[in-house]
Amino acid sequence: TLIFCLVDGRNGAVSSGLSNYEMGEMMLALGCVNAFNGDGGGSSTFISKRAGESSNIMRSVPSDGSERSVSNGFIIVSTEAVSTSFARVLFTAENEYVTPGTSVSVTTKGVSSTGNYAEMPEEITYETTNGTYENGVFTAGDTAGEATITAMYNGEAVGTTVINVVIPDKISFDSETMTVPFGKTVELGVTANYGLNEVTIKASDVNFLLSESAIGVLNGFNFTAADSAEVTTSTITATLAANTEVTATATITLGKGSDVIFDFEDGDTAGFVGFKDAKQWSIDNGVNNTLVGADPLAGQFSEQVSSKVTL
């Protein structure tokens with residue numbers, strides 16, 4: 001077995017990457033006996049055409065911010081003649097981990113023997129275990145365990161996918177502190193995990209409790225702040241319904257929402273003044289700011305604004 005692996009890095013917003021030692025540990029974990037490390041950094045790019053796709057797509061996020069011109073690389077291609085005749089069904093699940101009774105989108109695509117897109121026959125039917133599958137939506141059964149969707153054509157299985165129905169072992173709020181304007185409704189971001197895998201959950205999977213009930217109203221994953229309240233801060237606790245030992249906490253604080261003083265989006269400039277008028281007003285009123293006066297940036301600011309702003 002030949003394994004190619006690229007890890008995004010040098011980009012804190014995406015990934016910090018792996019050290020050579022950590023990369024070696026990953027290779028061992030994948031079962032590799034011999035491995036070598038290619039050139040890293042911005043020259044590392046991974047492009048592929050997956051089953052059912054018609055073009056190559058860049059899968060990695062280059063640390064340079066875009067693809068770098070390189071003179072060499074590894075290219076793996078199939079020498080088999082291209083076929084567009086239907087061979088199997090490719091399933092793509094929105095998430096492969098769900099709680100009992102939760103629904104997720106599962107799309108299907110026809111694929112040929114060479115991995116090219118192929119029209120799916122209308123006679124294809126679907127069989128499921130531990131759940132139902134209708135109109136592209138899989139709903140898990142009430143029992144934790146493995147669920148399957150199998151595509152059938154002419155009495156034979158032509159594709160299957162596995163959905164793991166699990167009870168999460170961890171839940172967490174997406175933000176430990178939340179500020180909500182009075183009277184506003186926000187969605188409570190809650191993430192559930194089973195091991196390292198994120199789990200799709202439904203509202204009834206989590207019970208919420210406010211330490212100060214007067215601060216607002218809970219409805220599923222939504223929180224509506226009170227119009228006014230003597231108490232403006234509360235702890236909110238989330239508890240997994242299927243396992244009450246799994247909990248998470250966060251703090252909600254009520255505050256004043258943002259007010260639009262000037263709306264620049266409607267194109268109406270009535271009531272606004274240009275740079276020259278603002279400068280003259282500052283002079284007339286003895287205001288020493290970056291428009292006029294002894295501020296060493298005044299001259300630079302004047303040049304920049306006069307050349308860029310026109311009202």
Would you mind reporting whether [Y] and [X] have side-chain heavy atoms less than 4.5 Å apart?
X	Y	value
Phe208	Thr237	no
Thr99	Lys202	yes
Thr150	Thr128	no
Asp39	Ser44	no
Ile215	Leu254	yes
Thr253	Thr177	no
Leu90	Thr108	no
Thr191	Asn193	yes

Nearest atoms (heavy-atom pairs only) where [X] meets [Y]:
X	Y	result
Gly17	Val7	CA-CG1, 4.2 Å
Glu96	Ala93	CG-CB, 4.3 Å
Cys32	Ile3	SG-CD1, 3.8 Å

Just by distance, do the side chain of [X] and the backbone of [Y] share a donor-acceptor pair under 3.5 Å?
X	Y	answer
Thr247	Thr244	no
Lys49	Gly115	no
Thr235	Ser211	no
Ser112	Ala87	no
Ser19	Glu22	yes
Ser175	Met178	no

Value rounded to 0.5 Å, distance of [atom1] in [X] from [atom2] in [Y]:
X	Y	atom1	atom2	answer
Asp169	Asn197	CG	CG	9.5 Å
Asn116	Glu80	CG	CD	9.5 Å
Arg88	Ile124	CZ	CD1	12.0 Å
Met23	Asn37	CE	CG	7.0 Å
Ile171	Thr239	CD1	OG1	6.5 Å
Ile167	Leu240	CD1	CG	7.0 Å

Could you list the donor-acceptor pairs under 3.5 angstrom formed by side chains in residues 137-145, with sequence neighbours left out?
from, atom 1, to, atom 2, distance (Å)
Thr139, OG1, Ser103, OG, 2.7

same_hphob_cluster([X], [Y]) at 4.5 Å side-chain heavy-atom cutoff:
X	Y	answer
Leu18	Leu30	yes
Val89	Tyr117	no
Val186	Ile201	yes
Phe91	Tyr97	no
Val199	Leu188	yes

Going by ring pair (Phe, Tyr, Trp, His ring centres under 6.0 Å), name the residues that satisfy it together with [X], two or more places apart in sequence or in a different chain.
X	answer
Tyr126	Tyr133
Tyr153	Phe86
Phe4	Phe74

Above 12 or not: heavy atoms from other molecules or residues under 6.0 Å from [atom1] of [X]?
X	atom1	value
Lys170	NZ	no
Phe221	CZ	yes
Glu134	CD	no

Using side chain to side chain contact (heavy atoms under 4.5 Å, CB included) as the criterion, point out the one residue from Thr200, Thr102, Val190, Val98 that pairs with Asp205. Thr102
Residues in side chain to side chain donor-acceptor pair (under 3.5 Å) with Ser113, at least two apart? none
Residues 56-65 side chain polar contacts: donor-acceptor under 3.5 Å, at least two apart:
from, atom 1, to, atom 2, distance (Å)
Arg59, NE, Ser48, OG, 2.9
Arg59, NH2, Ser48, O, 3.3
Arg59, NH2, Glu53, OE1, 2.5
Arg59, NH2, Glu53, OE2, 3.3
Ser60, OG, Phe46, N, 3.0
Ser63, OG, Gly42, N, 3.3
Asp64, OD1, Arg68, NH2, 3.3
Asp64, OD2, Arg68, NE, 2.8
Asp64, OD2, Arg68, NH2, 3.0

